[in-house]
Amino acid sequence: MKQVLGYDPKMIELSEICRTFYLGEQAVHALNKVNLRIEQGEYISVMGPSGSGKSTLLNAIGLLDRPNSGEYLIDNIATSSLKEEQRAAIRRDKIGFVFQSYHLIGRLSAQENIALPMVLAGVAPSQRDPAVKQVLAKLGLTDRAHHLPNQLSGGQRQRVAIGRAILMNPSILLADEPTGNLDSKSGAEVIEVLEQLNQQGITLLVVTHDGALGKRARRRIRMVDGKIVDDIRQ
Amino acid sequence: MRLLDIIQFTGQTLGRHRFRSAMTLVSMAIGVAAVVTLTGLGEGARGYVLGQFSFLGTDTLIMFPGRRETTGGMPPVTGSAARDITLADTRTLKRVVRGLEQVAPLVVGSATISYESRSRESVTIGTTASFFEIREIQMRRGKPLPDLPMEQAKNICVIGETLKTELFGNSPAIGKWLRVSDRRCRIIGLTEGRGDAFGMDLSDAVFIPVATAQSLFNTEALFRVFFKVKKNYSLTKVEQQLLQIMKERHQGELDVTLVRPDAMISTFNDLLLALTFAIVGIASISLLVAGILIMNITLISVTQRTREIGLLKAIGAPASQIRMLFLTEASLLALIGAVTGVLIGEALVFTGTRLFPDIPFRTPYWAIFSALAIAFATSTVFAYLPANRAAKLEPVNALSVK
């Protein structure tokens with residue numbers, strides 16, 4: 001999976017991606033021949049009714065799920081033929097996830113939660129600790145570093161989750177309803193953090209129900225029944 | 001992942017479920033403690049029994065008259081045979097056979113021992129100075145029997161501790177004249193302790209020179225002859241010579257039996273070792289049970305932490321790493337439990353040695369090592385199934401579990 005370095009700046013390309021689930025006898029086309037190109041540094045929102053395939057799209061881009069057909073390139077790496085171990089390595093190095101329900105590990109402090117990707121990757125503490133400190137500072141969590149998740153507010157928890165997502169300097173940040181569990185003030189804070197990161201160059205893809213949040217993105221995608229029906233750039 | 005990180009991560013998980021971890025630990029500890037303690041007991045019993053026979057030494061041969069072929073039935077212990085072993089035989093053997101360090105003839109009988117108004121029926125042993133050396137009989141006071149020519153009778157005796165107390169109480173006995181049946185013998189020494197075990201308590205015996213005993217019991221026949229073989233001489237070769245010469249002296253018929261205590265001891269050793277292994281085998285079942293418990297605990301852990309597994313996969317942990325984390329968790333539990341078990345077991349064995357100082361309770365290193373190894377192996381083997389299940393979870397499904 002050698003990376004082809006070239007002029008082509010495109011970093012993510014989905015072509016003819018299909019993902020079908022079976023509910024009993026009935027086939028549900030969560031993704032139906034989806035084509036999508038995402039350039040470096042874009043800010044994209046994905047909206048649409050429940051069951052339109054938003055989350056399936058995010059899982060496919062995040063390599064959490066395998067499409068039934070089609071090809072998906074990330075940084076010019078074709079992923080359809082990769083083994084699970086290789087997909088895990090790409091998730092680790094190129095993709096950051098932010099979930100609606102944070103997915104923090106309750107027994108670990110904020111700092112330990114953020115450090116987790118580097119711990120799993122076997123990065124030495126001498127390299128790890130400065131990186132974690134930097135992320136904590138960036139997200140304004142330095143004084144919360146040793147708190148457990150249940151000692152933090154919802155907004156703080158989501159910021160810890162964002163810290164964990166950006167620690168490895170991923171190419172793309174995938175956020176699934178990042179404000180879904182937050183009050184409006186905390187939600188606004190989290191969005192502000194995500195947009196700041198985007199301004200610093202990270203690609204941001206947000207899946208949301210929230211129309212106001214969706215409208216903030218420079219590129220807005222609308223999905224219905226597993227197809228992209230609108231793709232608007234400002 | 002770095003080793004230190006793995007241990008820290010696992011430690012935090014175990015610390016989160018203290019009660020569950022503690023219970024698993026206890027079950028493993030009990031299993032290991034059982035193995036360690038029972039091995040200690042078994043080895044103690046073996047050591048004790050062997051210790052009871054060790055006075056015979058591995059360089060000793062015992063000859064007695066009769067042979068299974070000539071008398072029939074059980075090997076003769078009472079010593080009934082057509083031809084007796086005599087002092088003359090003993091003398092010849094001592095002179096001719098190469099490699100003999102000590103030869104001690106033995107005549108044993110029961111005689112009435114009396115001093116002033118007190119009298120006892122007691123075991124009376126006619127022997128020589130060599131017997132004291134072969135059997136390593138310790139003296140409390142005075143001297144053992146002197147190194148007299150075998151045929152020379154002398155009116156002297158050595159008595160055991162119990163007999164001395166019974167006849168003399170606390171007053172000194174050395175130099176006093178003891179009546180042994182119809183003879184008077186001067187007491188020249190007191191033996192210490194039980195003398196030896198082997199079914200005979202020598203602490204209430206009387207030792208007199210062998211010739212004296214022969215005339216006392218009016219017999220030429222020896223009950224036993226003890227031989228001590230010199231160092232660097234083969235026991236088997238000496239044995240062959242002894243039998244050869246006895247055969248020649250007894251008109252070509254082999255009618256004596258030679259016993260090698262070392263063969264006897266090794267038989268006992270084998271028996272007791274087999275017993276120890278059987279006990280340990282039974283105790284190992286509890287280790288197996290602990291292993292199954294660890295499997296269940298790991299299964300519960302995997303089920304409860306499905307979301308966490310999903311997250312770890314999402315942030316880049318490959319399946320092998322997830323499997324390794326759960327296996328580490330199980331084996332860390334097992335190892336801590338096993339080490340605790342070894343400590344508990346050793347404490348119990350130590351208590352045993354305090355309560356019964358005579359019995360050398362001791363758990364051999366092989367038992368401790370194999371208990372640890374079995375604990376580790378069962379936990380790993382049993383945890384593999386649930387750990388593998390965790391490793392194979394689809395990240396999408398794992399993350400969405402409520």
Side-chain angles (χ1 to χ4, degrees), chain A residues 19 21 30 55-56 58-60 62-67 82-109 112-128 148 161 163-168 170 174 176, chain B residues 1-22 300-329 332-333 387-402:
Chain A
R19 181 71 171 104
F21 297 104
S55 290
T56 310
L58 183 122
N59 290 337
L63 289 174
L64 291 177
D65 198 9
R66 268 178 196 274
L82 294 182
K83 293 200 174 70
E84 185 48 43
E85 307 285 284
Q86 294 167 315
R87 291 158 64 88
I90 294 179
R91 285 199 295 268
R92 185 184 71 197
D93 297 333
K94 298 185 183 297
I95 299 166
F97 291 96
V98 178
F99 305 97
Q100 178 177 1
S101 52
Y102 328 125
H103 277 295
L104 298 178
I105 296 182
R107 59 178 182 278
L108 303 181
S109 69
E112 287 165 334
N113 266 293
I114 291 176
L116 207 51
M118 281 194 172
V119 169
L120 292 173
V123 176
S126 58
Q127 275 177 276
R128 195 164 77 203
L148 291 176
R164 181 181 63 200
I166 62 170
L167 182 72
M168 299 287 281
L174 301 173
D176 193 355
Chain B
M1 238 177 132
R2 302 165 73 85
L3 184 64
L4 215 65
D5 287 330
I6 294 171
I7 291 171
Q8 195 189 352
F9 189 85
T10 313
Q12 278 165 329
T13 313
L14 296 180
R16 176 81 173 173
H17 303 284
R18 271 180 223 105
F19 184 74
R20 186 206 290 170
S21 304
I300 292 171
S301 185
V302 168
T303 313
Q304 283 184 342
R305 286 159 64 199
T306 305
R307 275 160 60 90
E308 181 185 323
I309 295 164
L311 170 82
L312 293 178
K313 289 200 151 193
I315 61 175
S320 56
Q321 203 165 35
I322 304 281
R323 191 184 303 122
M324 179 272 295
L325 280 173
F326 279 95
L327 283 180
T328 309
E329 194 179 314
L332 202 68
L333 261 185
N388 206 36
R389 193 160 146 174
K392 282 188 175 155
L393 282 174
E394 283 293 332
V396 158
N397 300 335
L399 276 168
S400 58
V401 165
K402 288 282 173 280

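Throughout, protein chains are lettered first and strands after them, A, B, ... in sequence-line order, and every chain is numbered starting at 1.
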Salt-bridge present (B/E329, B/R305; N to O < 4.0 Å): yes

Side chain, backbone, both or neither of B/R16 within contact of chain A (heavy atoms, under 4.5 Å): side chain

Residue B/I315 versus chain A: region with a heavy atom under 4.5 Å: both

Heavy-atom closest pair, residues B/P395 and B/K313: CB-CB, 4.0 Å

Contacting moiety of A/R164, where chain B heavy atoms sit under 4.5 Å: side chain

From CA spacing to verdict: side-chain contact (heavy atoms from CB on, under 4.5 Å), A/R91, A/L64: CA-CA 8 Å; A/R91 285 199 295 268; A/L64 291 177; 3.7 Å; yes

Between B/P318, B/G15, B/A314, B/G310, the one whose heavy-atom pairs under 4.5 Å with chain A are most numerous: B/A314

Residue pairs involving residues 96-108 of chain A (criterion salt bridge (charged side-chain N to carboxylate O under 4.0 Å, His left out); sequence neighbours excluded): A/R107-B/E308

Please list every donor-acceptor pair under 3.5 Å in which a side-chain atom of residues 113-122 of chain A meets a protein atom from a residue at least two apart or in another chain.
{"from": "A/N113", "atom 1": "OD1", "to": "A/I105", "atom 2": "N", "distance (Å)": "2.9"}
{"from": "A/N113", "atom 1": "ND2", "to": "A/I105", "atom 2": "O", "distance (Å)": "3.1"}
{"from": "A/N113", "atom 1": "ND2", "to": "A/L108", "atom 2": "O", "distance (Å)": "3.0"}
{"from": "A/N113", "atom 1": "ND2", "to": "A/S109", "atom 2": "O", "distance (Å)": "3.3"}

Check ion pair A/R128-B/D5 (N to O, under 4.0 angstrom): yes

Proximal component of B/Q321, with respect to chain A [non-hydrogen, under 4.5 Å]: side chain

Per-residue contact mode, A/S55 against chain B (heavy atom under 4.5 angstrom): neither

Proximal component of B/L4, with respect to chain A [non-hydrogen, under 4.5 Å]: neither

